[in-house]
Amino acid sequence: MRTGIFVGSFNPFTVGHHSIVTRALPLFDQLVIGVVGDQVHKPDMPSAQERMDVIKSLYADEPRISVKPYYGLAIDFARQQGAQFIVKGVRSVKDFEYEREQADTNRMLSGVETILLCAEPQLANVSSSLVRELQHFGTDVSRFLPNMPH
């Protein structure tokens, strides 16, 4: 079984994240979305359970996707999930360089391969930090968040 993981804080889970999940899913039998657990203390960050609930509701009808908390290194989470691949999205050259270094280190330490998916051009400027900043100033951010099932 080909299993991939997609990890992040997902604070919040954006249309960019959703695009990566949608595009990565055909590559795997199972995709595990790993949500950084509550050991990371950032101001105003919803609990891991709250962030997981949002993502779980979005993919409730997709049995190949599971959502779990993760703690520590992505390669340890990959081992725990029996995953052979880590999926990452890249929006820019800066993201690419950072993720390439991470991928090389992860492969060296564990043999786990990283698959980098380039952001769709219309989503390349979308980030969780951008969404949080816009929310802070009272801006409607619905265009940056996936449509939630009702």
Side-chain angles (χ1 to χ4, degrees), residues 2-48 50-52 54-56 58-59 62 64-137 139-148:
R2 283 180 320 220
T3 301
I5 62 166
F6 180 48
V7 296
S9 59
F10 305 121
N11 178 30
F13 192 84
T14 69
V15 291
H17 297 129
H18 179 60
S19 170
I20 297 298
V21 169
T22 301
R23 292 166 49 220
L25 191 58
L27 304 173
F28 303 105
D29 300 306
Q30 178 183 352
L31 184 63
V32 182
I33 300 174
V35 177
V36 170
D38 290 330
Q39 82 279 13
V40 175
H41 297 290
K42 294 182 180 178
D44 301 321
M45 185 153 100
S47 73
E50 290 173 274
R51 289 175 282 132
M52 287 171 43
V54 168
I55 300 166
K56 283 179 181 178
L58 187 60
Y59 300 111
E62 179 47 73
R64 296 175 297 159
I65 294 177
S66 58
V67 182
K68 300 179 180 181
Y70 99 94
Y71 307 89
L73 298 175
I75 56 174
D76 292 337
F77 184 66
R79 281 189 202 116
Q80 292 163 5
Q81 301 306 313
Q84 304 84 18
F85 303 95
I86 299 171
V87 175
K88 293 295 199 110
V90 292
R91 295 169 295 190
S92 65
V93 171
K94 180 181 169 187
D95 282 356
F96 175 80
E97 282 300 323
Y98 175 80
E99 296 299 349
R100 185 193 55 77
E101 290 174 4
Q102 293 288 313
D104 290 345
T105 302
N106 288 339
R107 187 174 48 258
M108 186 173 55
L109 292 174
S110 69
V112 173
E113 286 289 347
T114 300
I115 296 173
L116 301 178
L117 295 178
C118 296
E120 295 178 77
Q122 71 273 20
L123 300 177
N125 68 325
V126 177
S127 69
S128 293
S129 55
L130 168 84
V131 173
R132 288 192 311 272
E133 185 169 349
L134 292 172
Q135 283 175 320
H136 174 78
F137 289 103
T139 303
D140 175 14
V141 296
S142 58
R143 72 171 53 169
F144 301 113
L145 303 174
N147 291 329
M148 299 302 294

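Note that the numbering runs from 1 along the sequence shown for the chain.
With hydrogens and angles left out, the side-chain atoms of Gln81 and Lys68 include a donor and acceptor closer than 3.5 Å.
The shortest non-hydrogen separation linking Ser128 to Thr14 is OG-CG2, 3.8 Å. Taking each heavy atom of Gly89 and Ile20 in turn, the nearest pair found is CA-CD1, 3.8 Å. Nearest heavy atoms, Ala48 versus Gly37: CB-CA, 3.9 Å. Contact between Ala124 and Ala119 at its shortest, heavy atoms only, is CA-CB, 4.1 Å. When all heavy atoms of Leu31 and Ala24 are compared, the closest pair comes out as CD2-CB, 4.4 Å. Across every non-hydrogen atom of Val7 and Ala74, the tightest pair is CG2-CB, 4.1 Å.
Listed by first and then second residue, the ring-ring contact (aromatic ring centres under 6.0 Å, His included) pairs that reach into residues 79-109 are Phe28-Phe85, sequence neighbours excluded.
Here the CD atom belonging to Gln122 is positioned 7.5 Å from the OG atom belonging to Ser19, to the nearest 0.5 angstrom. How far CD1 of Ile5 is from CD of Gln30: 11.5 Å, rounded to the nearest 0.5 Å. Annotation: the span from Arg91 atom CZ to Cys118 atom SG amounts to 12.5 Å, rounded to 0.5 Å. Taking OG of Ser110 as the reference point, atom CD1 of Ile86 lies at 6.0 Å (rounded to 0.5 Å). With values rounded to the nearest 0.5 angstrom, Gln135 atom CD is found 10.0 Å from Leu130 atom CG. Taken to the nearest 0.5 Å, the CD1 atom of Ile33 stands 5.5 Å off from the CD1 atom of Ile55.
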Task: Audit row: Val32, Tyr70, side-chain contact (heavy atoms from CB on, under 4.5 Å) steps and yes/no - done: CA-CA 10 Å; Val32 182; Tyr70 99 94; over 6 Å; no
Task: Derivation and outcome, side-chain contact (heavy atoms from CB on, under 4.5 Å), residues Gln84 and Thr3 - done: CA-CA 6 Å; Gln84 304 84 18; Thr3 301; 4.1 Å; yes
- [ ] Could you please spell out the steps behind the side-chain contact (heavy atoms from CB on, under 4.5 Å) verdict for Ser142 and Leu145?
- [x] CA-CA 5 Å; Ser142 58; Leu145 303 174; 5.8 Å; no
TODO: Could you go through the side-chain contact (heavy atoms from CB on, under 4.5 Å) check for Val21 and Phe13 one step at a time?
DONE: CA-CA 11 Å; Val21 169; Phe13 192 84; 4.0 Å; yes
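Each of Pro69, Pro12, Pro46 was checked for a side chain to side chain contact (heavy atoms under 4.5 Å, CB included) with Arg51, and the lone residue meeting it is Pro46.
Within a 6.0 Å sphere centred on CD of Glu97, heavy atoms belonging to other residues, nucleotides or ligands number more than 12.
Side-chain contact between Arg132 and Asn11: present, with at least one pair of heavy atoms (C-beta onward) separated by less than 4.5 Å. Residues Lys88 and Gln102 have side chains not in contact (no heavy-atom distance under 4.5 Å, counting atoms from C-beta outward). Using a 4.5 Å cut-off on side-chain heavy atoms (C-beta onward), Phe10 and Val54 make no contact. Side-chain contact between Leu73 and Asn106 is absent, with no heavy-atom pair separated by less than 4.5 Å.
Using a distance-only test at 3.5 Å, with no hydrogens or angles considered, no donor-acceptor pair links the side chain of Arg107 to the main chain of Thr114. Side-chain atoms of Arg79 never come within 3.5 Å of backbone atoms of Val112 as a donor-acceptor pair (strictly under, hydrogens ignored). Listed for the Thr105 side chain is a donor-acceptor partner under 3.5 Å among the backbone atoms of Glu101.
Annotation: His18 is in aromatic contact with Tyr59 [ring centroid separation under 6.0 Å].
For Arg64, the salt bridge (Lys or Arg N to Asp or Glu O under 4.0 Å) partners two or more places apart in sequence, or in a different chain, are Glu62.
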